[in-house]
Number of protein chains: 2
Amino acid sequence: MELGVSKMRKPPGRIRDVAKETGLSIATISRVMNGSKSVSPKTRKRVLEACERLDYLPNPAARALSTNKSNTIAAIIPTIEHSVFAKFIAGIEQALGTRGYSLVLAISNGEDEEELKAARKLLGMGAEAFILSGAAHSKELLDMFLRRQVPIAFTSVWDPNLKIPTIGYDNSKLAAEAVRYLASLGHQRIAVFHGPLKTSDRTLARRQGAETVNTPLVELEFHETELSVSGGRVAVREVLHGKVRPTAILCFSDVLALGVYFGLREAGLEVPDDMSVMGFDNLDWAKETHPPLTTINLPAAEMGKAVATQIMDHLETGVPLHRENLDAEIVRRSSVKEIK
Amino acid sequence: MELGVSKMRKPPGRIRDVAKETGLSIATISRVMNGSKSVSPKTRKRVLEACERLDYLPNPAARALSTNKSNTIAAIIPTIEHSVFAKFIAGIEQALGTRGYSLVLAISNGEDEEELKAARKLLGMGAEAFILSGAAHSKELLDMFLRRQVPIAFTSVWDPNLKIPTIGYDNSKLAAEAVRYLASLGHQRIAVFHGPLKTSDRTLARRQGAETVNTPLVELEFHETELSVSGGRVAVREVLHGKVRPTAILCFSDVLALGVYFGLREAGLEVPDDMSVMGFDNLDWAKETHPPLTTINLPAAEMGKAVATQIMDHLETGVPLHRENLDAEIVRRSSVKEIK
DNA sequence: ATGTTCATTGAAACCGGTTACATGTCAATT
DNA sequence: AATTGACATGTAACCGGTTTCAATGAACAT
C-alpha cells in the first residue's frame with residue numbers, strides 16, 4: 001500500500017501521470033508536447049497515445065509560469081455595438097486564432113477611467129500586448145504600459161507623428177477627401193454629421209480634416225449628435241429647420257446615414273434628388289439601402305488582422321511594431337447626385 | 001559582493017522584491033495582496049507602499065498555478081457581426097469586469113469544427129467555464145467539457161428538456177406568438193423570412209414554433225435566405241414575384257426586416273399600407289426606421305449579464321447553474337397594420 | 001510570576017510545467 | 001580497439017506565487 005497516494009487523482013491529468021504511464025521522464029513528455037525534435041519517433045508516438053488515453057492537456061498556468069508567455073492578447077475598445085468594431089474584433093480573433101493566441105476583450109465605453117481599470121485587470125491576467133482604439137489615452141495608462149514594457153498599438157488611426165505605432169487609416173485625410181468629392185460634384189453647402197467629439201479622437205480628426213478643405217465655394221455646417229441611427233435622424237430635423245438648406249449631408253458614420261435616410265423619408269424627401277447623403281464605414285448593408293449609399297470603405301477586418309499579425313510577429317521574433325496605413329477609399333454609389 | 005545577484009532585475013517586480021524591500025517574508029506580502037485579515041494594519045500599509053514604489057503586480061500565471069483559478073471565462077459565438085451578439089458580449093464583459101473576471105472570446109462562424117478547435121485552445125489557455133450559443137453542439141465538444149468537468153451554459157435558448165442549463169428565451173414560443181399576433185390582426189397569409197437553418201438551431205426552433213400555429217385561416221410561406229440586409233431584400237423579391245401575395249412578412253431578425261424595408265421601397269410599396277413587416281431582435285435602430293418596426297425584444301445584454309453572473313457564482317460558491325427564462329415580448333410599433 | 005490565548009509572522013512544501021546540463025548509447029571514423 | 005560525435009533521455013533547478021503549520025511575542029487571566 002503506497003502512502004499518501006490514496007488522495008483521489010485530480011481530474012485533469014498532469015504531466016507526471018503521462019510520465020508514469022509511459023515510463024518516461026516528465027522532461028521527455030514536455031518535449032513531445034512542445035514538438036521538440038530531439039525525441040525519437042516511436043517515443044513520441046507512445047507519448048501521444050498516452051496523452052490521448054489520459055485526456056492530458058498541459059496546465060496553461062504552469063506553462064505560462066515557466067515560459068513567461070501567456071499567448072494572450074488584449075483589446076480594449078470603446079464599444080462593440082458598432083459594426084466597425086465588431087468586424088475589427090472578428091479580424092483580430094481570426095488572425096490570433098490561426099496561430100494559437102487568444103483574445104481577451106474589454107469594453108471601455110470611451111471612458112479613460114474604465115479603460116485604465118480594464119487594462120490593469122487584463123495585465124493582471126497575463127495579457128502580453130494591448131490593442132487600443134484611437135490615439136487619445138490617459139497618460140497614466142500609457143505610463144503603465146511603458147514602465148512594464150508591454151507592447152501596445154493604436155488602431156483606427158494613422159498618425160506619422162506618434163511614436164507609438166498606429167495601424168489604421170488617416171481619418172483627417174479621408175474626411176477631407178469626402179468633402180472634396182462632394183464639392184467636385186457641385187455641392188456648395190454641406191452638412192456634416194458626427195458623433196460626440198469628447199469620446200473619440202477619430203471623430204475629432206475627421207472634423208478637423210473636413211475643416212481643412214477651404215475651397216472658397218464650399219460652406220460646411222457641423223452637427224454633433226449621438227452616434228446612432230436615432231442621432232442621424234435628429235440631426236436631419238435640425239438641418240431641415242435651418243435657414244439655408246444644404247444640398248448634401250456627409251455622415252461620419254454609416255449608422256448616422258441610415259438615420260438620415262429615415263429622417264428624410266419621414267419628411268417626404270428623396271435621396272439623392274432632394275438631398276445627397278454620404279456615409280463613412282461601408283457597413284455590410286450600405287450597398288443594400290435604397291438608394292445604395294455612397295460611403296468610405298474602412299477596412300476594419302483587415303485592420304484587425306494587420307495589428308494582430310504585427311503583434312504576434314513582434315512577440316515571437318522581436319521585430320518592432322510599425323505604423324501601417326491601410327487603404328480606405330470612397331465607394332461611389334447612388335446616394336449622391338451632381339448639382340448643376 | 002553578492003554572487004549571482006548581478007543579473008539585471010527583471011522588469012516586473014516579483015513578490016520577493018517586495019519582501020526584501022520591506023524586510024518581511026513573502027508569505028506576508030502574499031497575504032496582503034490577497035486581503036487576508038491576519039496582517040497588522042501598519043504592516044499592510046508598509047507593504048502596499050512598497051508595492052506602489054516597485055510597481056508590483058502579482059504574476060498571474062504563478063497565482064493561477066497555485067490557486068488553480070484563472071478568473072477567465074470563455075465565450076464562443078457564431079458571429080459577432082450581428083448586433084444581438086455584440087450586445088450579448090457587451091453584457092457578459094460588463095458583468096465579468098465588475099467582479100474581476102476576464103472574457104476570452106472566440107468566433108466559430110457556426111462551424112462545429114471551428115468551435116471545437118476554439119474550445120481546445122481556450123481550455124489550454126485556462127478558461128474556467130464556457131458560454132456557448134444555442135443548444136446544438138458536437139458530441140465531441142460536449143464530451144470534452146464533461147470529462148474535464150468544465151461548467152458550460154447554453155445561451156439564446158431556453159429549453160426545459162435539456163440537462164445543460166439554458167439561459168435565454170423560448171425561440172419556438174416567441175415565433176408562435178409573433179404569428180398569432182399577426183393572425184389576430186387579420187393576416188391570413190404570412191411570409192416568414194429566416195436565416196440558414198443549417199447553422200442555427202435557434203432559427204430552426206423559431207421556424208418550428210411558427211409552424212405549430214395552425215389556426216386554419218393562416219397560411220405560412222417560409223423563405224430561407226442569407227442572414228443580412230441583403231438577404232431580406234432578396235427574399236422580398238421572391239415574395240413579390242409569387243402567385244399569391246402575403247399581407248405580412250415576419251422576419252426572424254431585424255436585419256432581414258431592414259432589407260425588406262429597402263426591398264419594398266425599391267418596388268414602390270409602402271409599409272404598412274401595402275405590406276406589414278415584423279422583425280425579431282429589437283435592435284437599437286428598430287424604433288427609428290420609417291415606419292418604426294414592430295418586433296420582438298430580445299434581452300441580449302441582460303442575457304449576457306445573467307449567464308456571466310450565474311457562472312461566477314457557481315465558480316465561487318458552487319451553487320449549480322440553472323435554467324433561466326428571460327422575458328422577451330412583442331414591441332408593437334407601426335409597421336404592422338390591421339387587415340379588415 | 002506563570003500559564004493561556006490570540007494575533008502576527010516566517011519557513012517551507014507545494015502548484016505543474018520548461019529547460020540547461022549531465023548521462024548514456026550506438027554508429028561512424030581513425 | 002579507441003575516439004568521437006550525434007542523438008535520446010533523465011535529473012534537477014527554476015518560474016512566482018499560495019498556504020499549511022509552526023514559531024514568536026504581547027496581552028490577559030490566574
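Since the structure is predicted, the reported quantities are computational estimates derived from the model, not experimental observations. Labels below follow one simple rule: chain letters A, B, ... track the order of the sequence lines, proteins then strands, and each chain is numbered from 1.
Minimum atom distance to the side chain of A:A27 is reached by C:dT19, of the listed C:dA11, C:dT19, C:dG16. Nearest nucleotide to the side chain of A:T28, out of D:dT11, D:dT18, D:dT9: D:dT9. Taking only side-chain atoms of B:S38, from C-beta outward, the nucleotide of D:dA12, C:dT8, D:dG17 with the closest atom is C:dT8. Distance from the side chain of A:I15 is smallest for C:dG17 among the nucleotides D:dG17, C:dT8, C:dG17. Listed nucleotides D:dG10, C:dT8, C:dG16 differ in distance to B:P41; the shortest reach to its side chain belongs to C:dT8.
Between A:D17 and A:K20, no side-chain nitrogen of the basic residue sits less than 4.0 Å from a carboxylate oxygen of the acidic one, so the salt-bridge criterion is not met. Ion pairing between a basic and an acidic side chain is recognised when a charged N comes within 4.0 Å of a carboxylate O; B:K45 and B:E49 show such pairing. Using a cut-off of 4.0 Å between Lys/Arg side-chain N and Asp/Glu carboxylate O, A:K121 and B:E93 are scored as salt-bridged.
Annotation for A:E52: atom CD does not count as buried by contact number, only 12 or fewer foreign heavy atoms lying within 6.0 Å. Annotation: A:E21, atom CD; neighbour count of heavy atoms from other residues, nucleotides and ligands within 6.0 Å is above 12.
Under 4.0 angstrom from either OP1 or OP2 of D:dT19 there lies no side-chain N or O belonging to B:S30. A close approach under 4.0 Å does not occur between any side-chain nitrogen or oxygen of B:S25 and OP1 or OP2 of C:dA11. Contact annotation: B:S66 side-chain N/O to D:dT18 OP1/OP2 distance is not under 4.0 Å. Applying the 4.0 Å criterion to OP1 and OP2 of C:dT18, one finds that A:R63 has a side-chain N or O inside that range. Taking side-chain N and O atoms only, A:S40 has a distance below 4.0 Å to OP1 or OP2 of D:dT9. Contact annotation: A:N34 reaches the phosphate of C:dT18 (side-chain N/O to OP1 or OP2, under 4.0 Å).
Rounding to whole angstrom units, NZ of residue A:K42 and P of D:dC7 are separated by 15 Å. In this structure, B:L65 places its CG atom 17 Å from P of C:dA13, rounding to the nearest Å. In this structure, the CZ atom of B:R16 is 16 Å from the C1' atom of C:dG10, given to the nearest Å. The CG atom of B:N68 sits 11 Å away from the P atom of C:dG17 (whole-angstrom rounding). Summarising the geometry, the separation between CD1 on B:I26 and P on D:dT18 is reported as 9 Å, rounded to the nearest angstrom. The distance from atom CZ of A:R46 to atom P of D:dA8 is 14 Å, rounded to the nearest whole Å. A straight line from CZ of A:R44 to C1' of D:dC7 spans 13 Å, rounded to a whole angstrom. Following rounding to the nearest Å, A:N59 (CG) and C:dG17 (C1') show an atom-to-atom distance of 7 Å.
Nucleic acid contact class of B:L24 (heavy atoms, under 4.0 Å, all strands): sugar-phosphate only. B:T67 comes within 4.0 angstrom of the backbone, heavy atoms only, and of no base.
Between B:K37 and A:M33, the residue whose closest nucleotide on DNA chain C is further toward the 5' end is B:K37.
The main-chain N or O of B:S133 is never found under 3.5 Å from a side-chain atom of B:S156 such that the two would form a donor-acceptor pair.
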